[in-house]
Structures are given as C-alpha cells and as structure tokens.
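Step one of this worksheet: look at the structure below.
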2 protein chains.
Amino acid sequence: MLASNTPTKGRPREFDVDVALTAALRVFWSKGYEGASLTDLTEAMGITRPSLYAAFGNKEALFRRALDLYEREKLEYTRRALDAPTAKGVAERMLYGAIDAQCSECEPKGCLGVISAVACGAEADAIREHVIARRVSSRNALVERLEQAKQDGDLPAEIDIDGLTGYLFAILQGMAVQAGAGATREDLEKVVKTGLSMWPGR
Amino acid sequence: MLASNTPTKGRPREFDVDVALTAALRVFWSKGYEGASLTDLTEAMGITRPSLYAAFGNKEALFRRALDLYEREKLEYTRRALDAPTAKGVAERMLYGAIDAQCSECEPKGCLGVISAVACGAEADAIREHVIARRVSSRNALVERLEQAKQDGDLPAEIDIDGLTGYLFAILQGMAVQAGAGATREDLEKVVKTGLSMWPGR
DNA sequence: TCGCTAACATAACGAACGGTATATAATGCC
DNA sequence: GGCATTATATACCGTTCGTTATGTTAGCGA
C-alpha cells in the first residue's frame, strides 16, 4: 500500500483522495485537459474548488496525477504485452488490449494519451510535452523487446525495428482516434485482425 | 471560378476573403477549433472581429469554411490516390501523400481532421460530429476502390475489405498523431515503408 | 476547555472567452 | 450632391475560465 494521507492534525478530510482522483481521470479522459473545466471536475469529484486545490495543487497537477493513475491502471496491458513469448504475441496483446481499454462499456472511449497529445491550445502546451515525453519510454521498451525478438528469430533479419515500432504505435494511435470517433469493438476487431494477419514473423 | 463576392453596393471590403480564410485555416490547423481564439484568428487574418462576423457568420461557420478549404486543397491526395492502378498503389499514394501533407515545412503538423475529431470540450461537439461525418464518405470511397481491386485480383480473395480499410485509416490517423507530436519525415517514412512491405497483394 | 491546525463552504477575483452595439468612413445609384 | 448600403474601428456585453481570500467547522493535543 502506498503511503497515503495521515495528517493526524486538524479537521479530517471528508472525501477519499483516490476516489476523487478516479473521478477526475474519467472527466479528463472524456473531455481532454482543456475541455475539462473546474466545474466539471469538482462536480464529478464531489468536492469544492478549495478542497481540490488543497489536495492536488492546481488543475495541471491534478491532471498529472490522473495521468499517473491512467498509465498505472489502464495502460498496464502495454507492459504485460512485452512478456509475450514472440513478437507477434506482443503485437497481439497490445492490439487486443487496446480494444479492451478503448472500448470499455463503462469508461470513456479512446486513449487519454492520444487525446492529450493531439489537443489543443496554448495552455495545454506544457501538458502536451509531458504526455509526449512519457510515451518515449514506453516506445523504447517496445523497441528493446522487438530487438530481442529479432535475435530470437521471431522477426525477419532484414526488418527495421524502429520502423516496425512506429508502425505498431501508429495502428494503436489510429485505433484510439477511431474509438474516440465512435468506432465499435467489432470495427476495431476487424482492424486488429487485418493487421495481425500481415504481421511479419511469429 | 467560384461565384465570389460582388456586392457592388456599399463600401468595398478591404481584405481578400480567400486569403483571410487561408490564414484562418492555418490557425485552426495548428491550435484546433477550441484552441483557436477569436483574437488568434483576427490577428492572423488581419481583420477585426466585426469584419470576421460580417464575412463568415461566426466562429463555427468560419471553421466549416476552413475545413472545406482544407479538404479541397490539402486532402486532394486522398482522391488522387484512388486513381492508382492497384490496391497497393492506392495505399502507397495515400501513405506518402499523408507524409507530405503532415510534414510540410511551411505548414502546421498533423491533420486538421484528426485534431478536430479527437478534441475536445462541449462547445466542439457539433464540430466533432461534423468532421466525423465527413470522413465517412471518404472512407466509403476507399472501400469501393478496394472492392474493385479485389475483383481485379489485386487483393487476395479472402481479404476483409472493411477491415483493410479501417486498418489503412488507422495507420494514416496514427501517423497524423505522431506528426503532431513531433515525428520527423524520416520517422514517418520508416512507418510507411514498414506498412507497405507487408501490404497484401499488389 | 482551550487553542492549534486543517478542511470545509461561500463568494469573489482578474483575465479571457465568443459575440455585438455604436459610430464613422467609403462606395454605387439617383 | 444627397442617400442608401456596407465595411471599418472602438469599445463593450455577459459568461466562463482557473484561482484564491475569507470566514466557519471539525478534530487533535494540552
């Protein structure tokens, strides 16, 4: 259990920080950083503005906390995918995991990372940089895994690992765009099946 | 030549509507619909707010005009791609055309359609629906072209055309996300080459 | 019970947003 | 030369934005 909050002095907090953060994540996820107003956030979190600022700092800090939560819980499949025995297995877990993550019935459609990296205005520039920077490490991990697969003989010797990584990421990001635009699970399953049918190696 | 503006009565306008619209497109393209403020727009267009409202109606109508211009000029390659002799030729023109469109030195990175479809808040919902609806016809055209290619024997008989279309769109949209996130032309060329190397048929 | 501390609720802050009212300047028509 | 018409320039509208000052309430240690 992570070191939670035990102030032991002063009036105790009437809400659960983790619950509130989960609610905030859902708002950011469905509306984007700029699209999520403080009114949206506080209503969903069930707290007032001063409580939000006391607990999280400000809107940007709250977003980073929500992004942490998102990556830890909703993007866990990307880490587990790397454990697949073959390169194709990695791609398979990634792609089907993306469908589950982006087409859940009870959660917003699309990918918070893609939403935040694409949009939008001036105030979100720092956020955009932050989101983009985070994806780098995730990408590096995939590059390493595919390099290993190449050495294992799971991929043809002549393949460009960097290109293959960008290619797989592009499909994942494109699926996120389509999910956000209303694509159904069946739509995305067709995309995944088509992509996997032409994946090189095993 | 389209029916331009010939009011013949009253004070003549001091700016060129098409030039102003081009400037507005660049602003929407780089900042998104919500990220582009009226101040951004009027400064880039070199006109005042009342002139903007007199000439274009309001911000949303201006965006639709800019989107028309974008699809007519910047997305022309998607229509010309359909004229390629084979299915793989279509994919090739689409993918390399996307690189040119999204990595131009003198224009914003990424794709206005993707940016607008992904982002963002409540006020942009109508815009989002509009952008998504437009992509449908573009997608249908690609489906038809690939069906034809299948009959021509350019694609394996067992291939799922709908899946292949969504797959190609996903790569294109993913490339737009990556271009907006700072990917270079070389990065995207690797993605395209990887994708084309595993394209089915000819 | 009395402070000390911290979270609560209310209400307000300045700034920026999309959109206009008003007044002035420039054209074509009679 | 008026007159109607339309574009321009300035200044402002009401609303919403993220953020915070202020006063009150609840728990802990003394």
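Since the model is a prediction, treat every value here as computed from it, not as a measurement. Residue numbering restarts at 1 for every chain, and letters A, B, ... go by the order of the sequence lines.
- A donor-acceptor contact under 3.5 Å links the side chain of A:R11 to the base of D:dT25.
- Checking side-chain atoms of B:K31 against main-chain N and O of B:S37 turns up no donor-acceptor pair under 3.5 Å.
- Look at CG on A:L52: it is 16 Å from C1' on C:dA6, rounded to the nearest Å.
- Whole-Å rounding puts the B:E14 CD to C:dA26 C1' distance at 8 Å.
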Nucleic acid footprint by protein, nucleotides 12-20 of chain C - heavy-atom cut-off 4.0 Å, B for base, S for sugar-phosphate alone: -----SBBB
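- In this structure, B:K193 does not pair ionically with A:D160, as no charged nitrogen and carboxylate oxygen lie closer than 4.0 Å.
- Salt bridge absent: B:D83 and B:R80 never bring a charged side-chain N and a carboxylate O closer than 4.0 Å.
- What separates CZ of B:F56 from P of D:dT6 is a distance of 18 Å, to the nearest Å.
- Under the 4.0 Å criterion applied to side-chain N and carboxylate O atoms, B:D68 and B:R65 are not assigned as salt-bridge partners.
- Looking at B:R139, its side chain never comes within 3.5 Å of a backbone N or O of B:T165 through a donor-acceptor pair.
- OP1 or OP2 of D:dT8 has at least one side-chain nitrogen or oxygen of B:S51 nearer than 4.0 Å.
- Under the 4.0 Å criterion applied to side-chain N and carboxylate O atoms, A:K88 and A:E92 are not assigned as salt-bridge partners.
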